[in-house]
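No experiment lies behind these values; they were computed from the predicted model shown. Naming convention: chains lettered A, B, ... in sequence-line order (proteins, then strands); numbering from 1 in each chain.
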2 protein chains.
Amino acid sequence: MRLPKLSKLELQIMEALWSGGPLAIREIQETFPQKGRPAYTTVQTMVYRLEIKKALRRMRKIGNAHIFEPLISRDAAQRRLVDDFLGMFGGRMQPVMAQLIEAGNLTSKDVADAEKLLRDLSKSKKEP
Amino acid sequence: MRLPKLSKLELQIMEALWSGGPLAIREIQETFPQKGRPAYTTVQTMVYRLEIKKALRRMRKIGNAHIFEPLISRDAAQRRLVDDFLGMFGGRMQPVMAQLIEAGNLTSKDVADAEKLLRDLSKSKKEP
DNA sequence: TAGCATCTATTACAGTTGTAGGTGGAACGG
DNA sequence: CCGTTCCACCTACAACTGTAATAGATGCTA
């Protein structure tokens, strides 16, 4: 898999690495809120699985602890996530947007930002 | 579970019921494109599981075949889907929108529709 | 250097999802 | 009535996900 599918927990672990630089397992674990924080070995298992999926790798060692770094970018992972998500709606955007708005998840600012981004994109296509 | 989590295949089955009215298992199966159509018993298994999840129910019988109808609305199911999806992004809309747009999944029409919907919603809140 | 703390590595297990085979009974066509 | 077809039901199973325990290695501290 060039772009492995990541589960929610796996995503959270990757997020720690994306935003916190190379980390040891203990450090990753501690990025979770105390309340409901998974056990050290749970994080460990997930990290090992992410390693098998080639989503991250052991970068170096400090003491006897391995330090991990991401191998896939946040953007790539999120792209994959969005694609899968759209697949669930048969690729039709309309119900997705409607749902986002009705659920109150989408504010006018979000829409304005989207508009601007769209404009910028189409501009850069026309005038490269 | 008031709003059970539905997987992709389960969604597709519900979709058949939502858009095609009450159906028998064979009919549901035949809504899948020939290419890659799941086996009859595969659909059957999923339908039974959806029954357990109270997402659908046996409505009546024709011959010896059961006819199923949805118990949860498309809207409710999609809402749940969207919520879970946002959960993966930590609830932050911005990267989601950016991803949708950059992937070219979001057209200006989609954004325009979104705008209109937003306007309509805020209006109906102000003037109920 | 002895011991405690910390990691690594291995193993286990339950729930969900997708996939489907087998067995037996019901219905329909002649 | 009899065979063929279709369906219901049960069972199985592998991959993936979340959860964690256990055992053994290693390193730091007194």
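- In this structure, B:Ile52 atom CD1 and D:dC10 atom C1' are separated by 12 Å, rounded to whole Å.
- Cluster note: A:Ile67 groups with A:Met59, A:Ile62 through ILVMFWY side-chain heavy atoms spaced under 4.5 Å, whether in direct contact or through intervening members.
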Do B:Gln44 and B:Tyr48 pass the side-chain hydrogen bond (donor to acceptor under 3.5 Å, both in side chains) test, and can you show the C-alpha distance, the side-chain angles, and the key distance before you say yes or no?
CA-CA 6 Å; B:Gln44 198 186 26; B:Tyr48 287 171; 3.1 Å; yes

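- Distance check, rounded to the nearest 0.5 Å: CD of A:Gln78 to CD of A:Glu15 gives 7.0 Å.
- Separating the CZ atom of A:Arg37 from the P atom of D:dG18 is a distance of 18 Å, rounded to the nearest angstrom.
- To the nearest angstrom, C1' of C:dC7 lies 13 Å from CD1 of A:Ile62.
- Remark: P of C:dT16 and CZ of B:Arg49 are 10 Å apart, rounded to the nearest angstrom.
- Here the closest heavy-atom approach between residue B:Met14 and residue B:Leu56 is recorded as SD-CD2, 4.0 Å.
- In this model, the phosphate group of C:dG18 is not approached by any side-chain N or O of B:Thr42 to a distance below 4.0 Å at OP1 or OP2.
- Rounding to whole angstrom units, CD of residue A:Gln29 and P of C:dT6 are separated by 12 Å.
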Nucleotide N/O to protein N/O under 3.5 Å, stretch nucleotides 1-8 of chain D:
residue: D:dC7; atom: OP2; partner: B:Arg26; partner atom: NE; Å: 2.7
residue: D:dC7; atom: OP2; partner: B:Arg26; partner atom: NH2; Å: 2.9
residue: D:dA8; atom: OP1; partner: B:His66; partner atom: N; Å: 2.7
residue: D:dA8; atom: OP2; partner: B:Tyr40; partner atom: OH; Å: 2.6

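- Residue B:Ser7 places at least one side-chain N or O closer than 4.0 Å to OP1 or OP2 of C:dG18.
- Distance CG (B:Asp84) to P (D:dG18): 12 Å, rounded to an integer number of Å.
- Legend: salt bridge (charged side-chain N to carboxylate O under 4.0 Å, His left out) pairs involving residues 82-92 of chain A, not counting sequence neighbours, sorted by first then second residue: A:Arg80-A:Asp84.
- For B:Glu51 and C:dT17, the CD to C1' distance is 18 Å, given to the nearest whole Å.
- Residue B:Met46 contributes atom CE, which lies 8 Å from atom P of C:dT19 at whole-angstrom precision.
- The side-chain heavy atoms of A:Leu71 and A:Leu50, taken from C-beta on, include no pair separated by under 4.5 Å.
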